[in-house]
Structure formats: C-alpha cells, structure tokens
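Take a look at the structure below.
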Amino acid sequence: MTEKSFAQKVLAWYEQHGRKHLPWQQDITPYKVWVSEIMLQQTQVSTVINYFSRFMEALPTIKSLAEAPQDEVLHLWTGLGYYTRARNLQKTAQIIQHEYQGNFPNTLEALIKLPGVGRSTAGAILSLSMNQRAAILDGNVKRVLCRYFAIEGYPGDAKVSNKLWQLAEDLTPYERVNHYTQAMMDIGATVCTRSKPVCLICPVQTDCQARKYASITDYPHPKPKKELPKKQTVMPLFKCQNSVLLYQRPNIGLWAGLWSLPELGSYDEIEKYAQQQGLQMIKLKPLEKLIHTFSHFQLTIEPYLIEVIPAINEIAESKKIWYNLIEPQRLGLAAPVKKLLTKVI
DNA sequence: AAGGCGGGGCT
DNA sequence: AGCCCAGCCTT
C-alpha cells in the first residue's frame with residue numbers, strides 16, 4: 001500500500017471533521033458561495049452566519065440583488081465593514097444579470113474580471129459550487145501551506161505569494177475538489193489556527209515542516225516592519241564643572257517643552273556653536289553613538305563631551321540652562337538626553 | 001496597540 | 001510591479 005497523498009489525507013479528514021452544515025453549504029449555488037466568500041473575507045464564520053441568512057432572505061437571487069436599491073444592499077451589509085465590497089457585490093450581480101443572462105461565468109478568467117472577485121474568490125466559486133479543479137489561497141490556506149512547507153518570507157511578498165499559489169494548485173486534487181477546498185479552509189480555521197494550533201488532530205501533521213522543527217507559530221512570517229526613515233544629529237555636551245548646557249525645545253513638535261542638548265547638523269558646527277555661546281573649548285571627547293527610535297523615524301545621535309569655560313559676561317536666557325548633574329533641577333528631559341547625561345557624571 | 005484579512009486603486 | 005487602504009476583529 002502506497003503512502004496517502006496530501007489531498008487524500010485532507011479529504012479523509014473532511015469526512016470526519018469538515019464543516020458541512022453552514023448555511024451556504026445547503027443547496028449550494030454559485031450565488032450562495034460567492035456572497036458567503038465575500039462576507040468571509042472580512043469576518044469570521046460565526047458572525048457571517050447571521051448576515052448571510054438575512055442577506056439571502058432579502059435578496060435570494062442574483063436578479064433581486066441586481067435590482068435592489070443600493071441602500072438596501074448597504075443596509076444588509078451594515079456592521080460588516082469594507083462597504084465598497086457591498087457595492088461591488090451589486091455591480092457584479094448587475095453584470096451577471098445583463099451580460100451573462102443571470103448565470104455565473106464558469107471560467108477563472110471571466111470570474112476574475114468581476115468587480116470584487118479576485119483569484120482566490122474565483123477559485124472558491126469554481127471549486128465549491130461547480131466542483132471544477134481550481135485552487136484557493138485565502139488566509140487560512142496560506143497559513144496551512146506556509147507551515148506545512150516551512151515557507152520563508154512574508155506571504156504578501158509577490159515572490160512568496162507566487163510560490164504559495166503554485167503549491168496550492170499542485171496540491172489540488174482532480175476529484176472532490178469541492179470537499180478538498182472546504183477542508184483546507186476548515187483546517188486553517190479550526191486546527192492550524194494562528195496561535196495555539198492543534199497539531200495533534202491535524203491530518204497532515206506527520207509531514208509538516210514547521211512542526212518538525214517545532215517552530216509552527218514562526219509561520220507565516222509576519223509582515224516586515226517598514227524600515228524607519230533615518231535621521232542623524234550631533235549633540236554636544238558642553239560641560240563646565242558639574243553642569244551641562246541644555247536648552248528648552250519649543251512647545252510644539254518633537255519633545256515639546258522638554259529640555260535637550262543642542263542639535264547640530266554635523267561635527268563641524270560644534271566650534272561655531274561654541275563661539276556663538278561664548279564658550280571656550282578645552283577638551284573634546286567623542287562618546288558612543290546612540291540610536292533612538294521614534295514611532296515614525298530613527299534618530300542616530302552622535303554625542304561629544306566637551307569641557308568648556310563659559311564667557312565671564314555670559315548672557316542668561318530663559319530657554320537655556322546649566323543643568324547640574326550632582327543636584328539636578330527638576331525638569332523634563334528628552335529620553336535620550338537623560339541617558340546621555342547619566343554617562344558623563 | 002498592533003496586525004490580519006482579499007481585492008482595488010494609486011504610484 | 002509594489003504600496004497603501006478599508007473597517008472590524010483577535011491577540
């Protein structure tokens with residue numbers, strides 16, 4: 001006896017555990033599958049059940065949907081979100097009504113052209129309602145495949161997505177595609193869940209690569225964090241005895257109202273700045289660079305510790321202070337500034 | 001508080 | 001092609 005194929009295992013699982021009593025699985029039609037798929041794109045099954053039933057009661061046919069007032073369609077959609085989908089739903093119903101004599105097209109190419117129907121939804125309609133061999137790749141299936149094959153990379157990335165589609169199509173059986181498709185979605189939704197997957201009851205656990213390496217929840221890889229824009233600044237710590245020169249930031253913008261070190265564009269500006277402030281530089285020592293991450297950018301701080309002698313007739317300014325490191329004044333400091341100050345005591 | 005979801009629309 | 005968005009829900 002030869003080893004069962006992936007699809008055979010999935011189909012065997014479907015017999016026992018697959019969902020067969022959902023409202024859109026009764027007296028299956030392309031219309032029901034389509035409406036349910038659009039709803040399921042954004043909402044979980046338990047919620048969709050009620051919306052779906054109400055929707056079908058009010059608009060039981062493509063024709064009724066095509067001819068309904070838009071307000072009626074949106075009313076039935078209220079609470080589901082993504083309202084352009086409700087509008088697309090009606091647009092597509094009108095196209096089917098007028099250009100396809102009320103019958104769903106039965107090819108991938110034609111289905112994909114319908115507004116709101118992409119490759120995955122088209123695959124679902126073909127396989128679930130027409131038992132045509134077509135693959136789907138919704139979030140559930142993506143997760144199952146990413147884990148089973150330990151797919152590296154973010155599934156939203158085009159290269160990774162192409163790979164997943166290829167695998168999804170290769171695995172799709174020639175018989176009982178409808179059951180296979182339903183089973184894949186069910187496994188993703190009930191077994192191979194995002195967190196706490198129940199591998200022990202999974203029909204394909206033995207060959208699952210992610211499970212093999214005990215790294216199930218490492219897959220699918222998360223969306224890579226966008227690299228934050230990088231900015232640089234030079235911060236001189238002008239030090240005289242136990243005090244460092246700080247200045248107060250304006251009341252708007254970054255670090256509003258907090259006290260900070262001077263922020264200079266480059267090392268070359270230090271001397272000029274010191275001169276302006278009437279500071280005589282005695283000794284200069286570069287400190288270790290400091291990276292500070294904001295929500296929207298990353299700031300690399302190049303600090304320099306500079307011993308200075310202030311001018312005799314130094315002018316006091318309200319926005320300027322000699323901050324005593326031994327007996328610190330009580331005032332607000334920008335976080336990285338606070339950190340820098342602890343290093344020079 | 002962040003991230004996922006399938007497709008559309010913009011660059 | 002790659003990026004961002006929608007609106008609600010889960011984690």
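All chains are named by letter (A, B, ...) in the order of the sequence lines, taking the proteins before the strands, and each is independently numbered beginning at 1.
- Closest to the A:Arg143 side chain, of the nucleotides C:dG2, B:dC5, B:dG4, is B:dC5.
- Heavy-atom distances to DNA chain C give each of A:Arg87 and A:Ser195 a nearest nucleotide, and the one nearer the 5′ end belongs to A:Arg87.
- Taking every side-chain heavy atom of A:Ser120 into account, B:dG7 is the closest of B:dG7, C:dT10, C:dG7.
- For A:Tyr154 and B:dG3, the OH to P distance is 11 Å, given to the nearest whole Å.
- Across the interface with DNA chain C, nearest-nucleotide mapping of A:Leu80 and A:Asp157 shows A:Asp157 to be the residue nearer the 5′ end.
- Atom CE in A:Met39 sits roughly 20 Å away from atom P in B:dC5 (whole-Å rounding).
- Using a 4.0 Å cut-off, some side-chain N or O of A:Tyr83 falls inside it from OP1 or OP2 of C:dC8.
- Rounded to the nearest 0.5 angstrom, A:Ile282 CD1 and A:Ile309 CD1 are separated by 3.5 Å.
- When each of A:Lys91 and A:Tyr82 is assigned the nucleotide of DNA chain B bearing its nearest heavy atom, the one mapping closer to the 5' terminus is A:Tyr82.
- Ion pairing between A:Lys63 and A:Glu67 holds under the 4.0 Å rule for side-chain N and carboxylate O.
- Within the 4.0 Å cut-off from OP1 or OP2 of C:dT10, at least one side-chain nitrogen or oxygen of A:Gln44 is found.
- One interatomic measurement links the two molecules: NZ of A:Lys142 to C1' of B:dC5, which rounds to 8 Å at whole-angstrom precision.
- Between A:Thr84 and B:dG7, a side-chain N or O to OP1/OP2 separation shorter than 4.0 Å is absent.
- A donor-acceptor pair under 3.5 Å links the side-chain atoms of A:Arg133 to the main chain of A:Glu169, judged by distance alone.
- Set against C:dG2, B:dG4, C:dG7, the side chain of A:Gln42 has C:dG7 as its closest nucleotide.
- Ionic pairing of A:Glu263 and A:Arg249 is present here: one or more N-O contacts between side-chain nitrogen and carboxylate oxygen are shorter than 4.0 angstrom.
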